[in-house]
There are 2 protein chains.
Amino acid sequence: MMGGWEEVRAEVLRRIRAREWVPGAVIPGEEALAVEFGVARATVNRALRELAEAGLLERRRKAGTRVALLPVRKATLEISIIRQEVEARGEVYAHRVLESRMEGVPLAVALRMGVPVGVGMLFLETLHLAGGRPFAHEVRWLNVGVLPGGAVPDFSVTSANEWLVQNVAYATGDIAFSAEAASGAEAAALGISAGDPVFVTERVTWTAEAPITFVRLLHGPGYRLRTMV
Amino acid sequence: MMGGWEEVRAEVLRRIRAREWVPGAVIPGEEALAVEFGVARATVNRALRELAEAGLLERRRKAGTRVALLPVRKATLEISIIRQEVEARGEVYAHRVLESRMEGVPLAVALRMGVPVGVGMLFLETLHLAGGRPFAHEVRWLNVGVLPGGAVPDFSVTSANEWLVQNVAYATGDIAFSAEAASGAEAAALGISAGDPVFVTERVTWTAEAPITFVRLLHGPGYRLRTMV
DNA sequence: GAGTGGTCTAGACCACCAC
DNA sequence: TGGTGGTCTAGACCACTCT
């Protein structure tokens with residue numbers, strides 16, 4: 001007899017890894033497993049659902065549950081604010097606003113945000129520092145028209161990154177990671193050489209059909225984004 | 001009255017976004033919400049648990065459920081085999097094995113895999129092609145001693161990437177993404193210039209305490225890794 | 001049509017931890 | 001120590017989809 005759903009999940013995982021249940025094969029139904037493990041069907045369901053969400057099982061009504069043939073594993077990335085990320089490394093965080101002005105969005109940004117070219121937004125350029133050294137360079141367009149409260153806060157106190165998380169949080173977003181060569185201005189801000197590879201994170205954030213912000217974040221050489229599977 | 005847990009989740013999410021429940025505030029308990037929504041407590045539990053896993057709520061016994069103050073959002077990355085990734089773009093996949101020989105692991109790899117320097121492993125260098133053009137360059141060390149079956153298959157037919165997923169699948173792993181400058185050899189393989197930025201994916205895979213493989217995957221300029229929140 | 005997973009319910013017990 | 005979330009159960013109905 002197994003106790004809870006975690007034990008059931010562990011045992012099912014063991015059988016998959018040990019190839020007692022091979023990829024593509026149908027495994028016993030929930031009812032059968034519930035009897036075998038001496039638990040309720042809901043407990044088996046919880047265990048199998050978690051494994052299916054992780055990509056190891058494929059479940060279909062009537063067809064039953066199979067071990068995934070070509071599993072598409074899901075890794076989770078934790079997206080926190082930059083201050084937390086820096087402080088988690090045991091370093092002191094600071095930020096400097098390099099630019100802050102109203103400006104019409106260029107084509108590339110308009111396409112990403114799904115707004116017409118030239119719409120007036122707040123353009124912000126910020127440098128994030130870890131222990132006094134450049135950590136990340138941020139370029140952001142902020143759709144101030146849809147901001148809650150109406151007034152635009154002073155981002156030199158609380159960074160836009162953090163202010164948005166606290167005030168426009170819980171929005172949906174689209175994130176893309178890539179590698180690019182630093183432009184002259186970007187390199188200067190980060191204290192590296194032009195052409196050096198930078199790790200780029202671009203994100204569009206939406207709330208209820210309205211685009212809130214587009215942000216482009218550059219991390220210099222040495223930055224690594226990690227996760228586990 | 002709301003029907004299922006998805007409706008409950010949607011309504012709770014709406015209240016959070018509408019700031020009816022502000023960050024840091026304790027929301028009503030499961031029992032109260034169950035009564036309000038006209039569902040069983042288990043249904044409310046399911047809805048709140050999902051929101052907590054997404055990082056929007058913080059739940060603690062006795063203390064209750066709060067709207068997260070500084071939410072650490074979780075984005076999920078889908079890790080599929082390279083052939084699937086290429087074919088999903090509507091392009092024809094192919095791969096070429098450039099190198100395949102036994103070799104002692106260098107220090108950097110030994111440290112990553114947690115094995116002594118110089119342990120003999122199979123060194124593999126593979127080029128993945130999409131529509132005939134270089135798509136990714138793969139360098140891999142394979143711990144053949146712990147492979148199931150014992151015999152090493154012919155990776156020119158099925159790439160090591162795919163063979164491992166099918167035969168040593170469901171292992172745990174550690175993944176890191178970064179941006180680097182392509183070395184001369186790497187650039188030549190990918191058909192780019194030395195020093196061009198490349199998107200690097202490094203992964204160590206383990207099964208039951210034994211490291212199976214270390215792989216370093218390089219994607220040329222233009223590659224983007226995308227996800228949603 | 002029938003078998004499987006998906007979900008809901010009402011009740012229960014327990015672990016944790018703030019008070 | 002009491003209140004809250006975490007989980008389990010037994011039973012039920014339903015939705016989907018394979019045959």
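Just so it is clear: chains get the letters A, B, ... in the order the sequence lines come, proteins before strands, and each one is counted from 1.
- Taking 4.0 angstrom as the limit, A:Thr65 places a side-chain polar atom (N or O) nearer than this to OP1 or OP2 of C:dG5.
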So which protein N/O to nucleotides 15-19 of chain C N/O distances come out below 3.5 Å?
unit_1 : atom_1 : unit_2  : atom_2 : d
C:dA15 : N3     : B:Arg61 : NE     : 3.0
C:dA18 : OP1    : B:Arg60 : NE     : 3.4

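- When Watson-Crick and G-U wobble pairs are counted only if both distances are under 3.5 Å, C:dC19 pairs with no nucleotide at all.
- Partners of A:Glu87 according to the salt bridge (charged side-chain N to carboxylate O under 4.0 Å, His left out) rule, which considers only residues two or more places apart in sequence or in another chain, are A:Arg83.
- Under a cut-off of 6.0 angstrom, the local environment of CZ in A:Arg224 is crowded, with over 12 non-hydrogen atoms contributed by other residues, nucleotides or ligands.
- Judged as a salt bridge (charged side-chain N to carboxylate O under 4.0 Å, His left out), and not counting sequence neighbours, A:Arg66 has no contacts.
- Taking every side-chain heavy atom of B:Arg59 into account, D:dG6 is the closest of C:dT9, C:dG6, D:dG6.
- Listed in residue order, the members of residues 22-33 of chain B having a heavy atom less than 4.0 Å from DNA chain D are B:Gly29, B:Glu30.
- Between B:Trp163 and B:Phe155, the angle of the ring planes goes over 60°, which puts this pair in the perpendicular group of the 30/60° scheme.
- Looking at residues two or more places apart in sequence or on another chain, you find no side-chain hydrogen bond (donor to acceptor under 3.5 Å, both in side chains) involving A:His219.
- In this structure, a donor-acceptor pair under 3.5 Å is present between the side chains of B:Glu125 and B:His137.
- In this structure, A:Asp174 does not pair ionically with A:Arg203, as no charged nitrogen and carboxylate oxygen lie closer than 4.0 Å.
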**Prompt:** Stepwise, does the side-chain hydrogen bond (donor to acceptor under 3.5 Å, both in side chains) test hold for B:Glu85 with B:His128?
**Reply:** CA-CA 11 Å; B:Glu85 201 175 335; B:His128 299 271; over 6 Å; no

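- Each of B:Arg49, B:Glu58, B:Arg59 was scored for a side chain to side chain donor-acceptor pair (under 3.5 Å) with B:Thr65, with one residue passing: B:Arg59.
- A salt bridge between B:Glu36 and B:Arg15 is present, with a side-chain N of the basic residue lying under 4.0 Å from a carboxylate O of the acidic one.
- The distance between atom CD of B:Glu58 and atom C1' of D:dT4, rounded to the nearest whole Å, is 16 Å.
- Contacts between residues 41-51 of chain B and DNA chain C, counted as heavy-atom distances below 4.0 Å, involve B:Arg41, B:Ala42, B:Thr43, B:Arg46.
- Taking atom CH2 of A:Trp5 as the reference point, atom C1' of D:dT9 lies 17 Å away to the nearest angstrom.
- No more than 12 heavy atoms of other residues, nucleotides or ligands sit less than 6.0 Å from atom CZ of B:Arg60.
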